[in-house]
Amino acid sequence: MSTLFSEQSNASAFNDLRAWSEEQLIAAAKSGRRAPFGELCERHMKKVSCVTRRIVRNREDAEDAAQECFLNAFVHLKDFDGRSSLSTWLTRIAINSALMILRKRRVSAEIAVEDSNGFGMDGLGCQIADRAPDPERRYALGEEERILKQAIQSLRPALREAVKIQRLEERSMRETAEIMGISVSAAKGRLFHAKVALRKSSTLRLICVARSADETCALSDACQR
């Protein structure tokens, strides 16, 4: 991958880049320099490749998705504002790149089935609809659940305990207050502050932005119910 973004340079220059901080590399890459971005690719390649392999389950497609991820990241690096870590930002792009390959693969398979059955759109062939979430949706839901739990874990202990009891254990507000040994109004207050903190979470905002405009981003309302 680094060959896509490397510049002609000597060994000492390459070693210098390896000593740079991630912030220095990002700033240089934003100015259009390819070598610093190549170093960023090297540092994050393993994680990005693991993400794409888990989704597409195919080495060749995973490599294509990883390459597409870094190409998109290079093009849109100027939009990276640092509110989330670069690793989180790249992971989201990697997920979207891998899911796009899955969609293309599914469309190709559907076209192949239509062409091979000889019936066409008005033919006699039919398939029983599978109502279970498809693999890409199951993976996306799993990732969102993992990120949500990570965001909850970052809350202050008192707020985190309230969220875990009321939402994750699905307790009523009165049960939550009793378990915590506080009043119902105090429990509601802690859940309100937890909701505010989650709404400010850059990681959860990243998920919301990635969803289509007509979907409800319920993650940031985790403590509302």
Side-chain angles (χ1 to χ4, degrees), residues 1-7 17 22-23 25-113 130 132-151 201-220:
M1 177 58 64
S2 60
T3 57
L4 292 175
F5 300 100
S6 61
E7 295 172 336
L17 285 178
E22 186 165 280
E23 291 73 18
L25 292 170
I26 292 172
K30 281 187 173 183
S31 68
R33 296 176 59 185
R34 293 174 178 268
F37 189 79
E39 175 62 21
L40 289 172
C41 291
E42 292 290 344
R43 295 184 185 187
H44 293 278
M45 173 60 72
K46 183 176 180 179
K47 181 173 183 179
V48 166
S49 297
C50 287
V51 169
T52 57
R53 279 199 301 270
R54 284 203 305 268
I55 298 175
V56 300
R57 306 283 184 177
N58 176 290
R59 180 177 179 180
E60 184 176 345
D61 286 344
E63 291 176 352
D64 288 344
Q67 180 169 322
E68 186 68 20
C69 165
F70 285 116
L71 287 171
N72 285 334
F74 185 71
V75 171
H76 298 287
L77 188 62
K78 62 183 182 298
D79 300 324
F80 175 68
D81 56 15
R83 287 184 294 179
S84 61
S85 68
L86 182 67
S87 177
T88 298
W89 188 67
L90 287 174
T91 297
R92 193 67 232 176
I93 297 175
I95 291 172
N96 289 337
S97 298
L99 294 182
M100 182 60 68
I101 285 182
L102 279 184
R103 294 186 191 104
K104 291 179 180 178
R105 184 195 296 173
R106 188 170 64 244
V107 169
S108 298
E110 291 172 354
I111 292 174
V113 169
D130 183 1
D134 56 42
E136 64 185 74
R137 184 56 181 161
R138 285 200 300 270
Y139 180 83
L141 290 173
E143 281 294 298
E144 291 177 1
E145 184 68 18
R146 180 187 64 79
I147 292 173
L148 172 59
K149 290 181 178 179
Q150 181 180 335
S201 168
S202 60
T203 303
L204 295 187
R205 282 202 303 271
L206 194 61
I207 296 177
C208 294
V209 169
R211 291 185 177 187
S212 59
D214 60 345
E215 287 183 323
T216 301
C217 188
L219 289 177
S220 60

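For reference, positions follow the sequence shown, starting with 1. Values reported hereafter were calculated over all heavy atoms of this structure, with side chains retained and with hydrogens, waters and symmetry mates removed.
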> Between Cys69 and Thr52, is a side-chain contact (heavy atoms from CB on, under 4.5 Å) present by the stated rule, with each step listed?
Replying inline: CA-CA 9 Å; Cys69 165; Thr52 57; 5.7 Å; no

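Not one N or O on the side chain of Ser49 forms a donor-acceptor pair closer than 3.5 Å with the backbone of Lys46.
The minimum heavy-atom distance between Val48 and Phe70, with the atom names listed, is CG2-CZ, 3.8 Å. In this structure, Arg53 and Ala62 approach most closely via the heavy-atom pair CG-CB, 3.5 Å. The shortest non-hydrogen separation linking His44 to Glu22 is NE2-OE1, 2.8 Å. Nearest heavy atom pair, residue Ile101 against residue Val56, reads CG2-CG1, 4.3 Å. The two atoms that bring Ala29 and Leu77 nearest to each other are CB-CD2, 3.3 Å, heavy atoms only.
For the atom pair Leu102 CG and Arg57 CZ, the distance stands at 10.0 Å (nearest 0.5 Å). Taking CG from Asn72 and CG from Asn96, the interatomic distance works out to 9.0 Å, rounded to the nearest 0.5 Å. To the nearest 0.5 Å, atoms CG (Leu90) and NZ (Lys47) are separated by 9.0 Å. Taking OG1 of Thr91 as the reference point, atom CG of Leu86 lies at 9.0 Å (rounded to 0.5 Å). Of the inter-residue distances, the one linking Leu99 atom CG with Ile55 atom CD1 reads 5.0 Å to the nearest 0.5 angstrom. In this structure, the separation between CG on Leu17 and CD on Glu42 is 11.0 Å, given to the nearest 0.5 Å.
With a 4.5 Å cut-off on side-chain heavy atoms, Arg92 and Thr88 do not count as touching.
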